[in-house]
Amino acid sequence: MPSLIWPSKHLPDPQPASLIKDSIIFPGGRGYPNAAPASRLIMGDNLPVMAALLPKLEGKINLIYADPPFFTNRKYPARIGRGEDSRKPDEWALAEGYRDSWPTLDAYLEFLYQRLALMHRLLTPNGTLYLHLDWHADSYARVLLDEIFGADHLLNEIVWTYHGPSPIRRAFNRKHDVILAYVKSGDYIFNVDAVREPYNPSTVQTFKASPKAGFGKIPDLERGKVPEDWWYFPVVARLHNERTGYPTQKPESLLERIIRASSNENDLVADFFCGAGTAPIVAARLGRRFIACDITFRAAHTTRQRLCALPGDPFTFERDSSICLPYSDESKLKFEIKSDSIKVNPRGKLDYWEVDPAWDGKIFRSAAQAFRPVRSDEIPCEIKVKTGRRICVRSVNVEGDLFQAELSV
Ligand SMILES: C[S@@+](CC[C@H](N)C(=O)[O-])C[C@H]1O[C@@H](n2cnc3c(N)ncnc32)[C@H](O)[C@@H]1O
């Protein structure tokens, strides 16, 4: 079996992160449930984070979607601020999103190899990994995955095609990504009926006109066809409602197909490079539990906001203890507390705020949230929530600055 070799190739014993619960989030102001949340959003480097999950979750994750940096050696800024609308181009700004910069190809391969090996350990015996890359590194990754999963465990090489503008004039426009799907064993989940799609109208027409058109094979026109291994979904463009401003955000429709095909309701779906959180959002909407992880606060924060907008089941927001979330207690914000609501002023630069109306001084339980809708500036200045004696409020402004204040009635 051929394999890929580079000088520093090795699989060290993974060093686990120590995970701290920053908060428990109950989206949509639904109050505190009794049961512990089944889903987790974790901020940290996914290598120590996955190592920390191994003791309890080895062989327990049904589906992993991985959309890592592609080895493009570029920086990807995020677009922040007021709704990014082409009619008001001056009203949004750029902020750091994430970097896809590597000193060498070896460094990138080492990064990927160690993480793919841990993902393999975390998958259930009937689990599937979807690794999303493009022409920069997909062929190297294919060889790495053959080594980790076994070459006969490649389920599909999926080509996701899209279109859009490109400055390329001396080659064909590069408008496809590659998604490598590997299963852990031959006994894997594949819900074919959940992803069937309608036949092309011309096919329907042809078979209605002549049942002999398929040389004896008559397709089930009602049930629809099994999708090919090349998919067309539009990229998340500027005026799409799902657009968050986080760079390289993937379309929900793409994740929906993957999650429906390769997991069942209540299964555990993980995305350790979650970015704007597309996979956890779709997983939650489809009734799956999720683990989402990203190394940047902007990604974790964007994911949290989208999860709050669903609103789905509660989830924990955790972080690697080596990463600090610098909550300041200094701000110009003023709060007005009533028995059934809290108001904030001024709301100008606020991106998100949340309330723990019965603060115990330990873990922040976010019972209700307000956030800036993607297309407007109007973050609500009032949160309806029954307030107790000790209240804690947290906020994030558009620049990503954090604030926390304890308020008493
Ligand atoms: C291609 S983006 C993911 C986009 C995402 N699928 C979406 O739909 O928005 C890659 C993400 O990986 C994150 N990342 C890079 N290195 C990481 C690491 N070591 N641990 C966790 N996340 C990492 C980046 O911060 C970035 O958000």
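Remember, it's 1-based here, ligands and their atoms both numbered in the order they're listed.
- With respect to atom 13 (C) of ligand 1, the closest heavy atom belonging to the protein is D294 OD2, 3.2 Å.
- For atom 20 (N) of ligand 1, the closest heavy atom belonging to the protein is N46 N, 2.9 Å.
- Contacts between C274 and ligand 1 below 4.0 angstrom, taking non-hydrogen atoms only, involve the backbone exclusively.
- What sits closest to atom 19 (N) of ligand 1 on the protein, heavy atoms only, is D45 OD1, 3.0 Å.
- One side chain, Y327 or R394, offers a donor N or O that lies under 3.5 Å from an acceptor on the other.
- In F111, the part holding a heavy atom less than 4.0 Å from any atom of ligand 1 is the side chain.
- Atom numbering of ligand 1 starts at 1 in the shown order; those under 4.0 Å from a heavy atom of F272 are 21 (C), 22 (N).
- Between F71 and Y108, the angle of the ring planes lies from 30° to 60°, which puts this pair in the tilted group.
- Contact annotation: G44 has at least one heavy atom less than 4.0 Å from an atom of ligand 1.
- By the criterion of a heavy-atom distance under 4.0 Å, both the backbone and the side chain of F273 are placed next to ligand 1.
- Taking every heavy atom of P69 and a limit of under 4.0 angstrom, the matching atoms of ligand 1 come to 15 (C).
- Of the heavy atoms in R115, only side-chain atoms (C-beta onward) come closer than 4.0 Å to ligand 1.
- Ring geometry, H163 versus Y232: the interplanar angle falls under 30°, so the pair is classed parallel (tilted spans 30 to 60°).
- Residue-to-ligand polar distances place D67 within reach of ligand 1: an N/O pair is separated by less than 3.5 Å.
- Of all protein heavy atoms, the one lying nearest to atom 8 (O) of ligand 1 is T278 OG1, 2.7 Å.
- At the top of the distance list for atom 2 (S) of ligand 1, counting protein heavy atoms only, stands T248 OG1, 3.5 Å.
- Between H132 and F70, the ring center distance clears the sub-6.0 Å criterion.
- Residue-to-ligand polar distances keep D271 apart from ligand 1: every N/O pair is separated by 3.5 Å or more.
- Between W6 and Y113, the two ring planes are perpendicular [angle over 60°; tilted spans 30° to 60°].
- Checked for salt-bridge contact, E96 and R298 miss the test: no charged N lies under 4.0 Å from a carboxylate O.
- In terms of protein heavy atoms, atom 9 (O) of ligand 1 is closest to A276 N, 2.9 Å.
- Just one of T248, T296, D294 meets the side-chain hydrogen bond (donor to acceptor under 3.5 Å, both in side chains) condition when paired with Y98; it is T248.
- Of all atoms in ligand 1, listed by their number and element, those nearer than 4.0 Å to a heavy atom of T296 are 25 (O).
- For D220, the side-chain contact (heavy atoms from CB on, under 4.5 Å) partners at least two apart in sequence or on another chain are E222, R223.
- Atom 22 (N) of ligand 1 has I295 N, 3.2 Å as its closest protein atom, hydrogens excluded (heavy atom only).
- Side-chain polar atoms of E318 and T316 form a donor-acceptor pair below 3.5 angstrom.
- The shortest N/O to N/O separation between P68 and ligand 1 does not fall below 3.5 Å.
- The shortest N or O to N or O distance between Q249 and ligand 1 is not below 3.5 Å.
- With values rounded to the nearest 0.5 angstrom, W102 atom CH2 is found 13.0 Å from H136 atom NE2.
- In this structure the side chain of I25 reaches within 4.5 angstrom of the side chain of E354, judged on heavy atoms.
- Within the listing of ligand 1, atoms 25 (O), 26 (C), 27 (O) sit less than 4.0 angstrom from a heavy atom of Y246.
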Side-chain donor-acceptor pairs of residues 268-279 under 3.5 Å, sequence neighbours excluded:
{"residue": "D271", "atom": "OD1", "partner": "F273", "partner atom": "N", "Å": "3.0"}
{"residue": "D271", "atom": "OD1", "partner": "C274", "partner atom": "N", "Å": "3.4"}
{"residue": "T278", "atom": "OG1", "partner": "K250", "partner atom": "O", "Å": "3.3"}
{"residue": "T278", "atom": "OG1", "partner": "R306", "partner atom": "NH1", "Å": "3.4"}

